[in-house]
Every structure is written in C-alpha cells, then in structure tokens.
Engineer: 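Okay, handing you the structure first.
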Amino acid sequence: MLEVEVIPTRELGNRSYVVHDGRTAVVVDPQRDLDRVEEVLEKAGAACGLVVETHVHNDYVTGGWELARRHGVPYVLSAEETVSFACRPVRDGERLAVGSLTVEVVATPGHTDGHLAYVVTDGEAAPAVFTGGSLLYGTVGRTDLVDPDRTEELARAQYRSARRLAARLPDDAAVYPTHGFGSFCSVGPCASGIDTAGPVTLADERRRNDALTEPDEDAFAARLVAGLTAYPAFYAQPLNRRGPGPADLAPPEPVDAAELRRRIADGQWVLDLRDRTAYAAGHLAGSVGIELGDQFSTYVSWLLPWGEPLTLVGESGEQVAAAQRQLARIGVDRPAGAAVGDVPGERAYPRATFAEAAARPESDLLVDVRRDDERAVGHIPGSRHLPVHQLLPRIDELPRDRRLWLHCAGGFRASVAASLLERAGYDVVLVDDDYAKAVEAGIATG
C-alpha cells in the first residue's frame, strides 16, 4: 500500500516527503540534512529507489543530488532546468516505475519555468500528488523569483498549471506541497487545518484554493501580484544549480572570549543565539543578537553579507548544533568557530512596551522595522519606517543624535535591529511587545 511520510522543516516553512510501498521509496524535495530522511527510510524498511525534485528551490539548499549519489539512484529534475551536474531529466507525461509505484510527471510552470508535479500511484489507493511550489494549501507559490519582469506572465502560468493539474485528478487525490507553511516562496497565508488528521485532498483545494475558485485569470493574476512581499536575499544564490554536497554538521572549532573580541574588532559577525531577553540584559560588545528559533536562519541569511565568516555564541553545544543545522539548510556552511557557556555582559539596552514607547520623550525616535506590506496595513503615527532587511545598507538614514526605539510585530525583528544598531554605535530601546496591543490601545492603526 502507498504510504507517505512527511518530514517538516518548520524553520523554513517547507516539507519533504518519503512515499513508499514498504519496500521501495521515492523521496520528494529532500532538505540538505539527510539524516532525517535516512531515519525515515530505515524506520519504514524501504530502500531509496528514486529522488525527485519539483523545481530548483530558492528558499533552501537541496539534499536531493547528494541523497541520490549516496544511494546510487536516479536524481530526477525537469529537462527545462539548467544545472551543472548529471541528473535524470524528465518532461511532462513521462512515467517512472519504482517498485510497485508509478510516478507520473506533470509540468506545472509558474513558480519556476521548469516546475513539475509528481502523481504517485500504486494501482489501488487514491493517488498522491506532490505539488512543490505550485498548488499549495489554499494558495500558490510566488511567481517573481525567476525574473521580476515576468511576474504577471508566470502568475498566469501558475493559474493555468493549477487548473490543469486539478482537472486530471480525482477529488480523493491527496495533495502534498513542499512550500506554504511559512516559506517566503508562497503567496499569502496557507489555509487553516493543514495539520489535522488525514491528508488534504484535491476536493479540499477545489473548495478553498484561489487558483481553483477564481474563474477569472485576470483577477487571479492581479491579486497574486498585489500580494507579493519582500523575500530573503539568499534566494538569489545559485547553490542548487551546482549540485550541493553534504551538510557538514561537525562541531565548530571552540573560540574563547579573547578571540571573540579580536574577531569583532576585525569586523566579523559574532552571532549570539540566546533569546532576546537575555541578549538585551547583557552581551558581548559588538556582537549581533539573533535568537535561535523558527525565524533564525531566514534573517541570518537575509542580513549576513554572503560568504563572510560567522562565529556562533550559545548557551550550550546543543544550541550551537541546532543553529548550525539551520544554517546548513540555506548554504551557510562551517561556522568559523563557536563559544559556549557564559557570555560577558559588557553591553545592555532596555526593553519596553508599546505603552512606554508612546510615552517616550519627544527627542526619541520610534522606528518601525516591519515589511512594507505590514506598514501599509497600519502604523504608529510619528514613527519612522525602515524594514530590518534594508537596515544595513540604509543605516545612515537614521539619526545618531537621537535615541531609537525599535518595534516590529512581536519583538523578534526589532531585537535583531536593536543589536545591529547598537553594534553601529546607536542608543537603542527594544520595544518587545505585541503590535496588536498597540492597536487595541489606540496607539497604532491597523
């Protein structure tokens, strides 16, 4: 019987899949840390027979090429893709046999030109369709990653692809997207109920997915384009077209406090992984604070100059290892070192609520570091807007003779901005509060 094992990567908003018949498996869109995939294969008692990629991903470094090499199986990718390694190129309509499973290739351009979906059947159970960044839960993948000038063209292709795919499948087909669980590769929020028991079916998507419920292509394309937001800078890196090698998760070289200070003096990034409360209370002067959590790797990769050395500071070896795993998934390999344990409390800055920010002295400036689309919905009158992902190249736009109060929607991005600005010599206050409270109190619109 056809079985589907889900491997979520919530930090990047993605899922990989192992679909098998109990003996042989097809692995779909594997992340780079392959130990998770191989653990699932071992538990299922299934040998890896095929690795398929729905598209050349932007939001993570694939483990597909390395997994296929390691297990000596074909690595399947669209013939429309340009890559610098050997693979098994496929086109629309091809069928591949893997054990008792049949994998049908369906071209679904839109998210990328060469995007594919894979329909897997065993001749008995309802088909499972792996939709990558095309048909997601309640939404679709963004269409501005290939070329911003082709965004509307690809939005229309996305609409036609979703409808063509749906037209050829029964209502009970189980739908398994790769993106859409917080990934910036999706457009708009995912539909609710995605983690309920049992698979999401095509019938569910026929009822709620904009690409299937909107009868007008023009209206769909206009809405998709209008819903696009900024995406992380590392998406532009061509790592997946080179055939990424294995993730190196060996512990980094230990670094002492003196070496940390030397690296900071050299302008290197020393990254503190502790939560923002601990960082604000005391940290190494010149370090950058990005707390380890679901948004960690996204914002490190968005802000860190690509290829620059990075040294980690954590409370434990386990914390450093978790950060290293997240970084490997986006192609930031081999930290230059790590320090574990007590952190010298050389610097600190205050934390505040939105109520306290509203009562700040007139000479102080409130800075909103949310994205443009968030700012358009509502803001705090009198605040300055500078999104955190634009902070470093635009830092001189902020006055150095005024105290800066940094806010976002919940405190995480503001804490990143506060650490970067303090590192650059600014006097800062972290507004570590929920923006919804500011709206409820009448301090903010939105």
Side-chain angles (χ1 to χ4, degrees), residues 230 261 264-265 267 269-291 293 295-296 299-300 302-303 313 343-446:
R261 293 187 180 94
I264 289 172
W269 271 44
V270 170
L271 184 59
D272 194 318
L273 307 173
R274 296 173 302 151
D275 68 69
R276 58 184 181 263
T277 301
Y279 183 86
H283 54 267
L284 192 64
S287 64
V288 177
I290 303 183
E291 66 178 282
Q295 300 180 80
F296 169 76
Y299 282 91
V300 172
W302 212 334
L303 296 166
V313 175
V343 177
E346 299 173 345
R347 293 283 178 85
Y349 50 72
R351 296 165 54 242
T353 64
F354 276 109
E356 291 169 325
R360 69 189 183 279
E362 277 190 31
S363 58
D364 291 1
L365 178 63
L366 181 64
V367 181
D368 178 355
V369 300
R370 298 174 302 156
R371 298 187 310 271
D372 291 342
D373 58 298
E374 296 172 282
R375 177 80 176 187
V377 173
H379 67 282
I380 298 176
S383 62
R384 179 83 61 87
H385 183 225
L386 182 53
V388 65
H389 61 273
Q390 298 177 13
L391 180 60
L392 291 176
R394 296 175 54 191
I395 197 166
D396 289 337
E397 295 179 19
L398 296 174
R400 292 184 176 273
D401 58 350
R402 300 177 68 181
R403 191 177 218 196
L404 306 181
W405 296 57
L406 290 310
H407 91 81
C408 60
F412 171 80
R413 287 171 293 175
S415 72
V416 176
S419 77
L420 290 170
L421 287 166
E422 190 210 39
R423 180 175 184 253
Y426 287 83
D427 183 13
V428 300
V429 177
L430 166 60
V431 181
D432 193 4
D433 202 358
D434 187 341
Y435 185 80
K437 293 180 182 178
V439 176
E440 291 172 4
I443 297 168
T445 62

Engineer: Could you grab the distance from atom CG of Leu398 to atom CG of Leu386, nearest 0.5 Å is fine?
Structural biologist: 5.0 Å
Engineer: Would you call Glu356-Arg351 a salt bridge at under 4.0 Å N-O?
Structural biologist: no
Engineer: Dump the intermediate steps for salt bridge (charged side-chain N to carboxylate O under 4.0 Å, His left out) on Arg276 and Asp432, then the final yes or no.
Structural biologist: CA-CA 9 Å; Arg276 58 184 181 263; Asp432 193 4; 2.8 Å; yes
Engineer: Working to the nearest 0.5 angstrom, can you tell me the gap between Tyr349 OH and Arg403 CZ?
Structural biologist: 12.5 Å
Engineer: Can you list everything that forms a ring-ring contact (aromatic ring centres under 6.0 Å, His included) with Phe296? Sequence neighbours excluded, please.
Structural biologist: none
Engineer: Where does the angle between the aromatic ring planes of His407 and Tyr435 fall among parallel (under 30°), tilted (30 to 60°) and perpendicular (over 60°)?
Structural biologist: parallel
Engineer: Under the side-chain hydrogen bond (donor to acceptor under 3.5 Å, both in side chains) definition, can you give me all pairs with a residue in residues 412-425, not counting sequence neighbours?
Structural biologist: His283-Glu422, Glu374-Arg413
Engineer: To the nearest 0.5 Å, what is the distance between CG on Leu420 and CG on Leu392?
Structural biologist: 5.0 Å
Engineer: Which pairs count as ring-ring contact (aromatic ring centres under 6.0 Å, His included) when at least one residue sits in residues 364-390, sequence neighbours excluded?
Structural biologist: Trp302-His389
Engineer: Among residues at least two apart in sequence or on other chains, which ones pass side chain to side chain contact (heavy atoms under 4.5 Å, CB included) with Ala278?
Structural biologist: Arg274, Asp275
Engineer: Leu406 versus Leu421: any side-chain heavy-atom pair under 4.5 Å?
Structural biologist: yes
Engineer: Suppose we screen for ring-ring contact (aromatic ring centres under 6.0 Å, His included). Which residues come up paired with Phe412, at least two apart in sequence or across chains?
Structural biologist: Tyr299
Engineer: When rounded to the nearest 0.5 angstrom, what distance separates CD1 in Ile290 from OH in Tyr279?
Structural biologist: 9.5 Å
Engineer: Can you pull out every side-chain hydrogen bond (donor to acceptor under 3.5 Å, both in side chains) where at least one residue sits in residues 437-446? Sequence neighbours excluded, please.
Structural biologist: none
Engineer: Would you give the length of the straight line joining atom CD1 of Ile443 to atom CZ of Phe354, rounded to the nearest 0.5 angstrom?
Structural biologist: 8.0 Å
